[in-house]
Novice: 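Have a look at this one before I ask anything.
Each chain gets a letter, A, B and so on, in the order the sequences are listed, and its residues count up from 1.
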Amino acid sequence: MPELPEVETTRRGIAPLIEGRSVSAVVIRESRLRWPVPGTLPKRLARRKLRKVERRAKYLLLRFTHGTLILHLGMSGSLRVLPPNTPPSKHDHIDLVFGDRCLRLRDPRRFGAVLWTEEDPLQHPLLRSLGPEPLSSDFHGEHLYRLSRGRRIAVKSFLMDGHVVVGVGNIYANEALFQAGIHPARACGRISRKRYDRLAEAVKEILRSAIDQGGTTLQDFRQADGNPGYFARELKVYGREGQPCPHCGNSIHQRTIGQRSSYYCPRCQR
DNA sequence: AAATTCTCCTGAAGGC
DNA sequence: TGCCTTCAGGAGAATT
């Protein structure tokens with residue numbers, strides 16, 4: 001499931017292969033994604049040059065000279081660059097053809113999105129009110145501390161709220177809280193400044209390390225070259241219910257917090 | 001404003 | 001072997 005490291009891995013994989021190239025064709029095989037894919041896309045993109053592939057939160061921004069294609073991979077989306085005329089398989093919904101190479105969006109669960117804007121994409125309603133990038137200097141313990149005062153939700157839900165900080169999904173929230181020694185269900189407003197410093201550092205460290213490993217592949221995710229991501233083998237608690245805590249040896253617990261499966265060591269995390 | 005619940009979808013896993 | 005049920009999950013929308 002693409003979180004920030006998977007999206008960034010994808011960006012790095014596709015950018016050098018398609019930046020600076022012009023669109024020769026757009027194929028929409030399935031337009032029923034999270035929102036209908038605009039049918040005007042082929043016309044709007046024809047012969048247009050892709051300047052840059054950027055990322056904001058979990059959105060990929062394909063910046064053309066006259067507008068931006070905003071992509072979200074949802075739960076199960078992935079992008080590959082393939083030779084043109086590669087036969088599509090099931091769930092290969094969209095192709096952007098750039099002459100001798102084809103950017104193909106595959107998304108079995110269709111929670112992803114493809115949007116077009118000719119305005120500043122950062123001012124798009126979906127992106128406008130997002131929190132800071134976790135790997136930027138705008139994200140730190142003080143930020144988490146300030147935003148959490150007076151609030152009662154579980155720190156894990158707080159950390160996964162895109163208005164607080166972007167890109168931290170379920171897997172990395174679990175891992176960061178383990179590394180910081182914070183219990184995922186603890187009320188976010190009752191955590192000290194010092195512990196938030198530690199949490200912010202843990203988030204940065206884990207995301208950086210996951211990006212280095214090419215992301216986490218559990219089922220669907222693939223890097224742009226088709227290889228899986230290798231961070232799964234570094235997961236300390238996620239999906240490890242009943243297994244020993246790598247720190248103290250107690251067994252990892254699992255419970256649902258904010259409708260999301262949460263894994264933690266009740267002894268190391270308070 | 002903040003918190004919670006609902007919703008979209010498919011494939012995997014489990015039960016019988 | 002096969003059919004049915006349950007579940008996971010990003011995040012916007014709707015509701016409380």
Side-chain angles (χ1 to χ4, degrees), chain A residues 1-11 29-37 55-60 70-79 88-94 105-115 117 121 123-134 144 146-176 184-191 203 207 210 215-222 228-229 231-232 235 237-242 254-263:
Chain A
M1 41 225 75
E3 300 184 29
L4 187 145
E6 290 73 36
V7 179
E8 178 61 18
T9 295
T10 298
R11 190 194 68 76
R29 288 182 209 87
E30 173 59 82
S31 59
R32 293 172 304 167
L33 300 188
R34 175 150 201 186
W35 295 284
V37 177
R55 180 188 59 74
R56 169 71 174 118
K58 297 176 189 170
Y59 293 94
L60 284 169
I70 302 175
L71 302 181
H72 196 289
L73 300 178
M75 265 281 306
S76 58
S78 59
L79 289 167
S89 41
K90 200 177 176 186
H91 308 307
D92 285 346
H93 305 316
I94 313 273
L105 172 69
R106 173 184 167 83
D107 185 4
R109 295 185 190 178
R110 295 198 273 119
F111 283 7
V114 177
L115 306 162
T117 179
Q123 295 307 313
H124 188 281
L126 293 173
L127 282 76
R128 192 166 38 202
S129 57
L130 293 174
E133 286 290 323
L144 291 175
R146 189 161 20 87
L147 280 190
S148 61
R149 290 311 89 182
R151 298 183 60 181
R152 298 171 194 183
I153 53 165
V155 60
K156 178 160 176 274
S157 304
F158 175 70
L159 194 59
M160 291 175 66
D161 179 348
H163 301 100
V164 173
V165 59
V166 300
V168 185
N170 197 35
I171 295 174
Y172 299 114
N174 278 299
E175 295 296 312
R186 174 170 289 272
C188 67
R190 304 190 57 180
I191 293 174
V203 166
L207 293 181
T216 301
T217 294
L218 294 180
Q219 317 134 16
D220 303 296
F221 176 71
R222 284 292 180 278
F231 194 71
L235 297 175
V237 290
Y238 184 84
R240 296 191 176 278
E241 182 183 13
Q254 189 275 336
R255 67 178 263 207
T256 299
I257 298 169
Q259 344 303 113
R260 288 293 174 266
S261 198
S262 305
Y263 302 87

Novice: For A/Cys188 and A/Arg32, find the nucleotide of DNA chain B closest to each by heavy atoms; which residue's nucleotide sits nearer the 5' end?
Specialist: A/Cys188
Novice: Is it the case that over 12 heavy atoms from other parts of the model lie below 6.0 angstrom from the CZ atom of A/Arg32?
Specialist: no
Novice: Picking from A/Lys156, A/Glu175, A/Glu3, what satisfies side chain to side chain donor-acceptor pair (under 3.5 Å) with A/Asn170?
Specialist: A/Lys156
Novice: Can you measure A/Arg106 atom CZ to B/dG11 atom P for me and round it to whole angstrom units?
Specialist: 9 Å
Novice: Within this structure, what is the CZ-CG distance for the pair A/Arg55 and A/Leu4, rounded to the nearest 0.5 Å?
Specialist: 4.0 Å
Novice: I want to check one thing: is the phosphate of B/dA3, taken as OP1 and OP2, less than 4.0 Å away from some side-chain N or O of A/Arg152?
Specialist: no
Novice: To the nearest Å, how far apart are A/Asp161 CG and B/dA1 C1'?
Specialist: 12 Å
Novice: Between A/Ser262 and A/Gln254, do the side chains contain an N or O donor and an N or O acceptor separated by less than 3.5 Å?
Specialist: no
Novice: Can you name the residues that form a side chain to side chain contact (heavy atoms under 4.5 Å, CB included) with A/Gln123, not counting sequence neighbours?
Specialist: A/Asp120, A/Arg128
Novice: Can you tell me how the ring of A/Tyr172 sits relative to the ring of A/Phe231, calling it parallel under 30°, perpendicular over 60° and tilted otherwise?
Specialist: tilted
Novice: Can you give one letter per nucleotide of nucleotides 7-14 of chain C, going 5' to 3': B for a protein heavy atom under 4.0 Å from the base, S for sugar-phosphate only, - for none?
Specialist: -BBBBB--
